[in-house]
Each structure stands twice: as structure tokens, then as C-alpha cells.
Amino acid sequence: LLALLAMHTGELLNVDWLLENAWSGDPPESGPRALRFHISQLRKEIGSADLIQTGPSGYRLAVPGAYVDALAVERGMPAARRENDRSIAATMYADLLARWRGEPFVDAAPCAALDHEAERLAQLRLTINEERLEALLDSGQSRELVAEISHAIAQHPLREALWSMLITAQYRAGMQADALRSYEQMRVLLADLGLEPSSELREL
């Protein structure tokens, strides 16, 4: 319930929506009364009745967006993208990644809405890490990034952006043969799936 409220910080969430999602499509017969009970318990657990507000048709979590890591990360991304100094930008991206502490919602009950949000946050994390690596590459690092990018590829082998950065880092580090082998490895991987490298990657 807290996770659902935190996902939509500041928004008034309808009672029916909360019942449907907090109980994964099988809300209790007592419905709104059960929800009121759990909201009351949650307020006691948090230690403040003011943080969860009651509205005309539902409830909202009334905390600043900076208190919710996911919102703080998303609001911090534009500044990192605007930063012209790529070394500073890389540090800003690293600070955003530091907001992750484990996987999202691992201690929450199964819930489709949370599963969807967890997948979105996983993709966001990948994107931020790729942009951090790209910023480091732009700032002049190359050989020292090869191992880190290779590790990221081992975890996410179908991310073309990572392959592109690996090939670029290897080339700039004077490892042209390795760069060509990396491209061939990626090409074979995609071919096994009936796919081809993008035109940008082929040009690289």
C-alpha cells in the first residue's frame, strides 16, 4: 500500500484503484473498511497521520518529491544531460545511481502495478548507467572503461548502446582487433535471434 502511494506521490488515489491493486485484483469483501484499517495501520507504522491524507474519494501520500528516490532520480536526469563538462555529468549520473538500494519493491506483496513500475525503474537504471558510461567515454576515458562496459554487456547482451561504447573504447585504446571481435560477437548474437546490427553500429 505504501509503495502504491509512493509511486504516485502527491496524487489522490481512488479507493477502488487502491483496493484493486493493493489486493492484486482480489479485494476483501469489506472493501473500503478494510482499506481504512490498513491506512490507519500504515499511519501508525510511519509515525505520522499527516503524511497520508484523506481526500473526497481516496488517499494521497503528502511528502516532497525529493523524499521518493525514483522521483528524485527522474528530476535529476535533465540537469545531468545539460551539463557540458562530461566528467561532471558522469559524477552526476553516478550520484543518481547511488539512490538505488537493492531492487524495487522486493519486500512488497505481488502486485501488477508494482511489477510494471519495477520494470520501468529497471530500464531507467540501465539508461542512466549507459549515459554515465557515455559521459566517461566522452571525457577521454577508454581503456579503463573496457572491463566495466564488458561486465554491463554480460548482464544485458542485447543493449546495442553498450556494444557501441565497448567498440569505441577498445578502438580508442588502440585495441582495434578487440573492437572488431566485439562487433563480430554482437553480430553473431543478433543473427541467432534473426536480427541485424543497426546501421549506426555497422557504420561504427
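All figures in this text were calculated on a predicted structure; none of them were measured in a lab.
Remark: E203 CD is loosely packed, at most 12 non-hydrogen atoms of other residues, nucleotides or ligands lying under 6.0 Å away.
L5 and L35 fall within the same hydrophobic cluster, where Ile, Leu, Val, Met, Phe, Trp and Tyr residues are linked whenever their side-chain heavy atoms come under 4.5 Å apart, directly or through other members. L126 and I128 fall into different hydrophobic clusters, defined by Ile, Leu, Val, Met, Phe, Trp and Tyr side-chain heavy atoms under 4.5 Å apart, directly or through other members. Residues I46 and I39 share a single hydrophobic cluster, defined by chaining ILVMFWY side chains whose heavy atoms lie under 4.5 Å apart.
Among residue pairs with one or both ends in residues 132-157, those qualifying as side chain to side chain donor-acceptor pair (under 3.5 Å) are R86-D138, N129-R132, R132-E148; sequence neighbours excluded. Note on residues 167-176: pairs passing side chain to side chain donor-acceptor pair (under 3.5 Å), not counting sequence neighbours, are Q170-S182. The list of salt bridge (Lys or Arg N to Asp or Glu O under 4.0 Å) pairs with a residue in residues 51-63, not counting sequence neighbours, is empty. A salt bridge (Lys or Arg N to Asp or Glu O under 4.0 Å) check over residues 23-49, counting only residues at least two apart or in different chains, returns nothing.
The side chain to side chain contact (heavy atoms under 4.5 Å, CB included) check on E119 picks up Q123, with sequence neighbours excluded. Partners of H38 by ring-ring contact (aromatic ring centres under 6.0 Å, His included), not counting sequence neighbours, listed by chain and number: W23. Every residue two or more places apart in sequence or in another chain was checked for a side-chain hydrogen bond (donor to acceptor under 3.5 Å, both in side chains) with E20, and none qualifies. Residues meeting the ring-ring contact (aromatic ring centres under 6.0 Å, His included) test with W100, sequence neighbours left out: none. Take H8 and apply the ring-ring contact (aromatic ring centres under 6.0 Å, His included) test, not counting sequence neighbours, and it matches W17.
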Which donor-acceptor pairs under 3.5 Å do the side chains of residues 67-75 make with protein atoms, sequence neighbours left out?
from: D69; atom 1: OD1; to: R99; atom 2: NE; distance (Å): 2.9
from: D69; atom 1: OD1; to: R99; atom 2: NH2; distance (Å): 2.9
from: D69; atom 1: OD2; to: R101; atom 2: NH2; distance (Å): 3.0
from: E74; atom 1: OE1; to: R120; atom 2: NH2; distance (Å): 3.3
from: E74; atom 1: OE2; to: R120; atom 2: NH1; distance (Å): 2.8

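Smallest separation of non-hydrogen atoms from P56 and L12: CD-CD2, 3.9 Å. Residues A154 and P157 approach most closely at O-CD, 4.1 Å, considering heavy atoms. Considering all non-hydrogen atoms of both residues, L114 and A108 come closest at CD1-CB, 3.8 Å. Between L97 and R125, the shortest heavy-atom distance links the atoms CD2-O, 3.8 Å. Of all heavy-atom pairs spanning E83 and A89, the tightest one is CG-N, 3.7 Å. Taking all atoms of both residues into account, the shortest heavy-atom contact from N21 to A113 is OD1-CB, 3.4 Å.
Its side chain outside the 4.5 Å cluster rule for every partner, V106 clusters with none of the Ile, Leu, Val, Met, Phe, Trp and Tyr residues. The other members of the hydrophobic cluster of V146, by chain and number, are L133, L136, L137, L145, I149, I153, L158, L162, W163, M165, L166, I167, M175, Y183, M186, L189, L190, L193, L195, L201, L204 (side-chain heavy atoms under 4.5 Å, ILVMFWY only).
To the nearest 0.5 angstrom, Y93 atom OH is 13.0 Å from I88 atom CD1. With values rounded to the nearest 0.5 angstrom, L19 atom CG is found 8.5 Å from N14 atom CG. Here L18 contributes atom CG and L4 contributes atom CG; the two are 6.5 Å apart, rounded to the nearest 0.5 Å.
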Original post:
Could you go step by step and tell me if L124 and L121 meet the side chain to side chain contact (heavy atoms under 4.5 Å, CB included) rule?
Top reply: CA-CA 5 Å; L124 178 64; L121 291 174; 4.2 Å; yes
Original post:
Do Y59 and L1 pass the side chain to side chain contact (heavy atoms under 4.5 Å, CB included) test, and can you show the C-alpha distance, the side-chain angles, and the key distance before you say yes or no?
Top reply: CA-CA 11 Å; Y59 301 91; L1 186 58; over 6 Å; no
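You'll find the side chain of R159 reaches within 4.5 Å of the side chain of T127, heavy atoms only.
Between the side chain of E11 and the backbone N or O of L13, no donor-acceptor pair lies under 3.5 Å. Side chain of E117 to main chain of M7: no donor-acceptor pair is present (N/O by atom type, distance under 3.5 Å, no hydrogens or angles).
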